[in-house]
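Note sheet for the following structure.
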Amino acid sequence: MENSKRRFLKGTCALLAGASGATLLATVSASNEAKAEPSVKYALIHDETKCIGCKACEVACRETNQVPEGVSRLKIEQTGPYGEYPNQFYHFSRKSCQHCEDAPCVNVCPTGAAFIDKETGIVSVDAWKCVGCQYCIAACPYKIRFINPVTHAADKCDFCRETNLAQGKQPACVAACPTKALVFGNLKDPTSLVVQVLKANPTQRAKVDLGTRPKLFRIVAKSGEVAI
Amino acid sequence: MSALHFDTLVWHWPIAIYLFLAGASAGAMFFAVLLKHFVLKHNAYQSGFVQAACIVAPVAVMAGLGILVLDLTKPFDFWKILVFYNPKSVMSMGVLILLIYQVFMFMWIGLLFRKPIDAWCENRFPIVLKFTAWLSRFEATITGLLVIFSLALGAYTGFLLSALPGYPMLKNPVLPLLFLASGLSSGAASSLLGGVLLNANPNAKEVHFIHKVEIPLILVEIVLIFTFFMGLVLSGGQSKFAAFNAIGYGFWGWIFWIGIVGLGLSGPLAMNLFMTATSKRKWVYVAGTACLSLIGVLLLRNFILYTGQMTVV
C-alpha cells in the first residue's frame, strides 16, 4: 500500500512537471511570435452624426459576401423618433462584429475555427474547421455571431477580408455609404484617415469594461436618447 | 419573454442534459472509488451499487457525448474537435479531460472486475490475463488519476458555462464548484438508484456510507447556491438584475424554489436527517431519495443554463 501510494505520487509529480514544462515552452514560443508584429491593424468608425439609416451598407454587405436571407452580418438599428414634430429625428447605430483585440469568441472556440488574423487583426472564421458548437455565439458579448444556414458554420462580419479587402478594395459597407459615415483603415498607420478621424473626434466603444478592446468605434450623435 | 424561447438563448436543453450526464458519470466513478476503498475493499465488484456505478458512468458519459455531437450544427464534423485543440478554450480542454477520463474509467472498471474477467478469459483469451496483470501494477496510479479526472470533469461542466463573458449570471467563479458538488451528488444518487434496481440490499453498508456523505454534500450545495446568488446580488448592475430575474416570480422562479430548493435539496436532506445513518433502510426510501436528488440536479442544470442566458451584460 505504502509503495503504491508513493508510486502514484511519483507518477503525478512527473505528469505535473511535464505539463508545466509544456506550458512554459508554449509561453516562450508565444512571446517569440509576439515580437514580429504586423504593420496592419484594421479598425472601423461609424459616425452616427452622419448616418441617415438608408441601410445601403446592409444591402452591399449581403451582396458582396453572399449572406443568405434570414441572417445578417451587419444591421443598422433604429431608435426613436425623438423630439417634437416637426423637429423629430431618429438615431441609428451599427450592430456588427467589433473585432475585439481580446476576443471571447476566439478564446472559447474549441477547434480554433474562430481566429484573429495575424496580418490584419481581423477576427475571422474558418468555416471548414467550425463544427457548429455555438460556443462562440454564446461567448460574444455583442451578440453578433450567427450560424450560416448554408454552410452551417458560425459566421459574422470579417471586414470583407475574403471578398473586397482581398481585391484591394474598401469593405462593401464603407464603399456603399452615401454620407461617408463609415471610415475604415489601418490603426498602425498614423497618416490613415481612420487615425485622423479618431484623433479629431471623441469616440465610444461598446462594453469596454469587459476588457475585449473592440475596434469598432462610434462617433455618437449629439441628439438621441440619454439613458441611465 | 417566454421561459424557454428568448432572443439571447443560444444553448438549449440538450446542453443541460449533457452537463447533467457528464456530472453524473464523474460522480458515479468518484463514489465507486470511495466505496471500494473505504467500505468494500477486495470484493467490491460483487456490490450491486458499485456495479450500478460502473454501468452508469460509461453509459452516461457516452450518451452525453452523443447528445453533444447531435447538437452540433455539423454533427459529421465532430472529429475536428478531437483533432484540433485550442489550449485557451475551456471546451477544448474539457474534451481532452473527457477522453482521458474515459480511458482511466475503463481501466479502473476492468481492474475492479479483474477476477471475473480473468476467470472468463482464462481458457478463451489467455492474452487478456497478461494485460490485466500488467494493468494491475498501475492500479494505484489509475485510481488516483481517475479520482482527479472525475473531479476535473465535474468542475468542467461548470467552467464550460462560466467562460461566457456575455452572460453576467454564468460568468461566476462559484458555478464550477456548484456544478461539481451537484454532479457528485447526482453520481451518488444514480449509483443508489441503479443498485436497488439491480436488487442490491437497500440496507447495505454502501447505502449507509453514501447517505453519510450525502448530508454534508447537500449542505455544501446549499451554501454554494447561496454564495452564487449572493455574489451576483453584491456585484450589482446586470448581475443583480440577472439574479432576481432568475429566482423571482415566473416559471424559472417556481422551478428554483419548488423543484431545486424544495424537492432536490430539502427533500433528500430531510429524509437523510430523519433516517439517521444507523436506521434500517427500505427499497422505496433509497429509490425515492435518489430520484429526488436526480430530479433536483437535472432541474438545476436547466435552470442555470436558461436563466443564465436570459440576461446579457
Side-chain angles (χ1 to χ4, degrees), chain A residues 1-12 14-16 22-23 26-27 30 100 102-115 126-149 151-155 206-207 209-212, chain B residues 7-12 14-15 18 37 68-69 71-96 100 136-148 159-161 163-168 170-171 237-238 305 308-309 312-313:
Chain A
M1 195 61 202
E2 264 314 299
N3 191 25
S4 62
K5 254 185 213 161
R6 196 176 304 142
R7 212 183 305 148
F8 168 65
L9 282 175
K10 256 193 231 166
T12 316
L15 200 74
L16 283 178
T23 359
T27 325
C100 305
D102 188 1
C105 56
V106 173
N107 290 337
V108 300
C109 178
T111 61
F115 67 100
D126 180 342
W128 181 83
K129 263 192 180 180
C130 175
V131 295
C133 68
Q134 309 190 48
Y135 206 13
C136 58
I137 299 179
C140 174
Y142 306 99
K143 295 284 157 243
I144 47 80
R145 281 178 163 257
F146 56 90
I147 291 291
N148 186 312
T151 62
H152 298 291
D155 202 342
K207 301 176 183 176
D209 47 324
L210 293 175
T212 55
Chain B
D7 277 352
T8 50
L9 180 71
V10 178
W11 277 350
H12 293 255
I15 300 293
Y18 156 66
H37 281 262
L68 192 66
V69 168
D71 197 52
L72 299 176
T73 61
K74 300 201 286 185
F76 294 113
D77 291 23
F78 79 94
W79 56 269
K80 286 170 188 164
I81 293 194
L82 307 175
V83 176
F84 303 109
Y85 280 90
N86 172 12
K88 278 189 196 162
S89 167
V90 172
M91 187 188 278
S92 211
M93 290 302 105
V95 169
L96 212 56
I100 301 173
S136 72
R137 281 171 50 204
F138 306 102
E139 183 161 6
T141 312
I142 292 170
T143 309
L145 289 176
L146 177 64
V147 169
I148 290 171
F159 277 117
L160 185 73
L161 297 183
L164 297 172
Y167 301 113
L170 298 178
K171 198 179 95 176
Q238 283 295 87
L305 186 72
Q309 293 179 79
V312 291
V313 280

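Every chain is numbered from 1 and lettered A, B, ... according to where its sequence line falls, protein lines coming before strand lines. Keep in mind the model is a prediction, meaning the values are calculated, not measured.
Closest of all the heavy-atom pairs between B:K171 and A:L210 is NZ-CD2, 4.0 Å. Contact detail for A:H152 and B:T73: the closest heavy-atom pair is O-OG1, 2.6 Å. When all heavy atoms of B:W11 and A:C133 are compared, the closest pair comes out as NE1-O, 2.9 Å. Here the shortest heavy-atom pairing between A:K129 and B:K80 reads O-CD, 3.9 Å. Nearest heavy-atom pair across B:K74 and A:W128 is NZ-O, 3.9 Å.
In terms of non-hydrogen atom pairs under 4.5 Å with chain B, the most contact-rich of A:C109, A:A113, A:G132, A:P110 is A:P110. With respect to chain A, the highest number of heavy-atom pairs below 4.5 Å among B:L170, B:L9, B:V69, B:L160 belongs to B:L160. Chosen from B:S89, B:G166, B:G144, B:A163, the residue pairing most often with chain A at heavy-atom distances under 4.5 Å is B:S89. Between chain B and the residues A:A153, A:G211, A:C130, the largest count of heavy-atom pairs under 4.5 Å involves A:C130. Contacts with chain A were tallied for B:V83, B:I81, B:I148; B:I81 has the most, counting heavy-atom pairs under 4.5 Å.
Residues of residues 136-143 of chain A lying under 4.5 angstrom from chain B, judged on non-hydrogen atoms, are A:I137, A:A138, A:A139, A:P141, A:K143 by number.
Not a single side-chain hydrogen bond (donor to acceptor under 3.5 Å, both in side chains) links B:N86 to another residue, sequence neighbours left out.
Contacts between B:Y167 and chain A at a heavy-atom distance below 4.5 Å involve the side chain alone, from C-beta outward. At a 4.5 Å heavy-atom cutoff, the contact between B:V313 and chain A is made by backbone and side-chain atoms alike. For B:I15, no part lies near chain A; criterion is any non-hydrogen pair under 4.5 Å. Neither the backbone nor the side chain of A:T212 comes within less than 4.5 Å of any heavy atom of chain B.
Atom CZ in B:F78 sits 14.0 Å away from atom OG1 in A:T111 (nearest 0.5 Å).
Residues B:V10 and A:Y135 fail the side-chain proximity criterion, which asks for heavy atoms closer than 4.5 Å.
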